[in-house]
Amino acid sequence: MKSEIREILLASVKKNYKKKSLDFDISRTKTKSHGNWSSNVALILGKELKQQPKIIAENLVKNLPKKKWLEKVEIAGPGFVNFFLTEEAQSFFLKNFLSNDLSSFKSKMPRKILIEYVSSNPTGPIHIGHGRGAAFGSALANLLRFTGDEVIEEYYINDRGLQTDVLALSVFLRYQELFKVKVNFPEECYQGDYIKECAFLAKEKFFDKYLAKKDLKFTDQSNPLDLINKIYIVFPKFSEFVDFCIHLQMDQIRGDLSKFKVHHNNWVSEKDLYKDSDDGSFFERIIKVLKNNEFTYLQDEALWFKSKEFNDEKDRVLIRNNQDPTYFASDIAYHKFKFERDFDQLINVWGADHHGYIPRLNGALEALELDSNKLKTLIIQFVSLVRSGKNVSMSTRKGEFITLKELIDEVGVEATRFFFLARKSDQALEFDIDLAKKEDKNNPVYYIQYAHARICSLEKEVKKRKLIIDQNNGLDNLKLIANENELDIINEIERFQDVLSQCRKDLEIHPLCFYLREIASKFHSYYNANKFIEDNKDLRDAKFALVFALKKVFQQGLEILSINAPEKM
RNA sequence: CUCUCGGUAGCUCAGCUGGAUAGAGCAUCUGCCUUCUAAGCAGAGGGUCGCAGGUUCGAAUCCUGCCCGGGAGGCCA
């Protein structure tokens, strides 16, 4: 409809003002007295021509062609052009919406998109912060796919580096304890109970293979790095133990994500970037390019990247003085790998704590002569939990963080997803546990699901009374229910596509959540004031045509969010 | 100190590419179940959009300054 309106307005602009093109808005109105659609075309033109918008509007409207879908056009306020649609236009829309597979929702310019999200370190279970990113990334992928894009969901596994060694060391020490060996457990090691479980499984797999021998003691206070080096000397094949720990953690993570309806379809290992081939590893080749382009220098035996030349506040280390590459260096290689796979757009979903990291990565991409505009990094802000009006304290260091699993075990997958998604992602989120657990209208998830369940229940009642709904007959008889209420609902259904395309454009999910809440409210209100199973067949069919369209909105909307649409509650 | 994100109803938040009377939900108050789900609905009250300037026909929205709050600034990841 929007494009039809634009077409006739633009034609009028061309004719009356001899302009080839003009950038103006056509938007839905907020109040009914302003019609269904409204355009600011005269206001824009007025500014440009320094003329009264109202007069321009009158000129534009004077000779608009008559259309079947157009009831009337009005000029209002400072010069808005308001369009009132005919009932016929509304029923035509509904017919279309119900009959097709929503292929009209697909963009005419589909893209190939890579979205990387979660990518939490395999050093422990994922916590609620990652959970928010997980919900967001998966819903965004669903939405982009629904609107026509081809989407790959990727998880980048940091399976090498200091943190993974510390993980292995933590497990190794707990493993020693299982053999009644006394150890000093350093503060820097992972404190959570999951380490002990991991140690238990390590014992089942390796028996006493990695049991410290007499000459190797771990009772002294020493730093983890020294301990790890010591272990590698005594156990040359210790990397097998490390791999075991990482795989175990990744299995946990995969399990938690799957329970949360998050399904990545590609897993990239950081370690693989270092795999040797004839002309060196992928990682080495990327570093060589940076060196050749003279964006690096040696200082204090470390290799530095000149990120200051790319608006970063200082230069950054790529290879430490102990020859170990930094996380940043790996990430440059990883992103180069993303670019090599020929996507139209790359999306990163990152926690807010990585915010300052964006300039240096973009700098590195430019140094590699890659178009950093292709990469869009979205920031997910922190989640804090509130229970009984009080903040739940969390401390990662002590292992007291709340895991995603704990949260969904308590409040359920559906509510957790919705609460994560309903807030603008770059805003801090206060997660009210009590509210999320409520099963009444205070809880928006239940409110929306209930709307769907009510519709299903209507259908069940129809069946029970041995009636058959003829949807097409209903569509032909929509004029029977062309009251303000119904037309308002049709208008709201029509808004679905706008909401989705806005989400697609802005890479956001929360507008969909708000929309579903609103249309659910309209339905409940309508439901309350109406009888649906009418004696008159035409009237009954007409009402159900509308109800079926609503059902389709709830189903599709919730599906994008990966939230159940229950048939009964 | 630098960067960054915020400050909108009592509370939690939408709206921010400038537009019409600033919107939801919760909470508060008043009503509605012999009917197909009351897990619901109808109605009411509630606002100097942090402060001060500026830009213009028009500012919650854009610009500048200030006040207050969150977060980030490793050869950790």
Interatomic distance at [atom1], [N] relative to [M], whole Å:
N      : M      : atom1 : value
B:rG7  : B:rG43 : P     : 30 Å
B:rC57 : B:rG15 : P     : 29 Å
B:rG70 : B:rC13 : P     : 15 Å
B:rG47 : B:rG10 : P     : 7 Å
B:rC3  : B:rG45 : P     : 46 Å
B:rA44 : B:rC1  : P     : 50 Å
B:rU2  : B:rC49 : C1'   : 29 Å
B:rA39 : B:rC33 : P     : 15 Å

In this structure, how many angstroms lie between the [atom2] atom of [N] and the [atom1] atom of [X], rounded?
X        : N      : atom1 : atom2 : result
A:Leu421 : B:rC13 : CG    : P     : 16 Å
A:Asp25  : B:rU61 : CG    : P     : 18 Å
A:Ile75  : B:rC57 : CD1   : P     : 21 Å
A:Phe80  : B:rG18 : CZ    : P     : 13 Å
A:Arg423 : B:rG70 : CZ    : P     : 16 Å
A:Lys466 : B:rC36 : NZ    : C1'   : 17 Å
A:Asp506 : B:rA14 : CG    : C1'   : 14 Å
A:Tyr515 : B:rG15 : OH    : C1'   : 18 Å

(message) Is A:His510 stacked against the base of B:rA14, taking the criterion as centroid distance under 5.5 angstrom and interplanar angle under 30°?
(response) no

(message) I'd like to check the side-chain hydrogen bond (donor to acceptor under 3.5 Å, both in side chains) partners of A:Asp498; sequence neighbours left out, ordered by chain and number.
(response) A:Arg28

Base, sugar-phosphate alone, or nothing: which one does [X] contact when heavy atoms must sit under 4.0 Å apart?
X        : result
A:Ala76  : base
A:Ser457 : base
A:Asn530 : base
A:Ala529 : nothing
A:Ser38  : base

Anything under 3.5 Å between a protein N or O and an N or O of nucleotides 75-77 of chain B, put it in a table, one pair a line.
{"from": "B:rC75", "atom 1": "O3'", "to": "A:Arg320", "atom 2": "NE", "distance (Å)": "2.9"}
{"from": "B:rC75", "atom 1": "O2", "to": "A:Asn321", "atom 2": "N", "distance (Å)": "3.2"}
{"from": "B:rC75", "atom 1": "O2", "to": "A:Asn321", "atom 2": "OD1", "distance (Å)": "3.4"}
{"from": "B:rC76", "atom 1": "OP2", "to": "A:Arg320", "atom 2": "NE", "distance (Å)": "2.7"}
{"from": "B:rC76", "atom 1": "OP2", "to": "A:Arg320", "atom 2": "NH2", "distance (Å)": "3.3"}
{"from": "B:rC76", "atom 1": "O5'", "to": "A:Arg320", "atom 2": "NH2", "distance (Å)": "3.4"}
{"from": "B:rC76", "atom 1": "O3'", "to": "A:Arg320", "atom 2": "NH2", "distance (Å)": "3.2"}
{"from": "B:rC76", "atom 1": "O2'", "to": "A:Gln163", "atom 2": "NE2", "distance (Å)": "2.6"}
{"from": "B:rA77", "atom 1": "OP1", "to": "A:Arg320", "atom 2": "NH2", "distance (Å)": "2.8"}
{"from": "B:rA77", "atom 1": "OP2", "to": "A:Arg320", "atom 2": "NH2", "distance (Å)": "2.8"}
{"from": "B:rA77", "atom 1": "OP2", "to": "A:Tyr327", "atom 2": "N", "distance (Å)": "3.1"}
{"from": "B:rA77", "atom 1": "O2'", "to": "A:Asn121", "atom 2": "OD1", "distance (Å)": "2.6"}
{"from": "B:rA77", "atom 1": "O2'", "to": "A:Asn121", "atom 2": "ND2", "distance (Å)": "2.2"}

(request) Give the B/S/- string for nucleotides 4-9 of chain B, one per nucleotide from 5' to 3', where a protein heavy atom under 4.0 Å of the base yields B, of only the sugar-phosphate yields S, and otherwise -. (result) SSS---

(message) Measuring from atom NE2 of A:His130 to atom CG of A:Leu404, what distance do you get when rounded to the nearest 0.5 angstrom?
(response) 10.5 Å

(message) Dot-bracket, 5' to 3', for RNA chain B please: Watson-Crick or G-U pairs under 3.5 Å, [ ] where pairs cross earlier ones, | where the partner sits on another strand, dots elsewhere.
(response) (((((((..((((.....[...)))).(((((.......))))).....(((((..]....))))))))))))....

Protein N or O to nucleotides 24-35 of chain B N or O, pairs below 3.5 Å:
{"from": "B:rC26", "atom 1": "OP1", "to": "A:Lys441", "atom 2": "NZ", "distance (Å)": "3.4"}

(message) Between A:His524 and B:rA38, is there a contact of a side-chain N or O with OP1 or OP2 at under 4.0 Å?
(response) no

(message) Does a side-chain N or O of A:Tyr447 approach OP1 or OP2 of B:rC41 to a distance below 4.0 Å, or not?
(response) yes

(message) For the aromatic rings, using the six-membered ring if either is Trp, is the centroid distance between A:Phe283 and A:Phe337 under 6.0 Å?
(response) no

(request) Report the residues that fulfil side chain to side chain contact (heavy atoms under 4.5 Å, CB included) with A:Ile469, sequence neighbours left out, ordered by chain and then residue number. (result) A:Val462, A:Arg540, A:Asp541, A:Phe544, A:Phe548

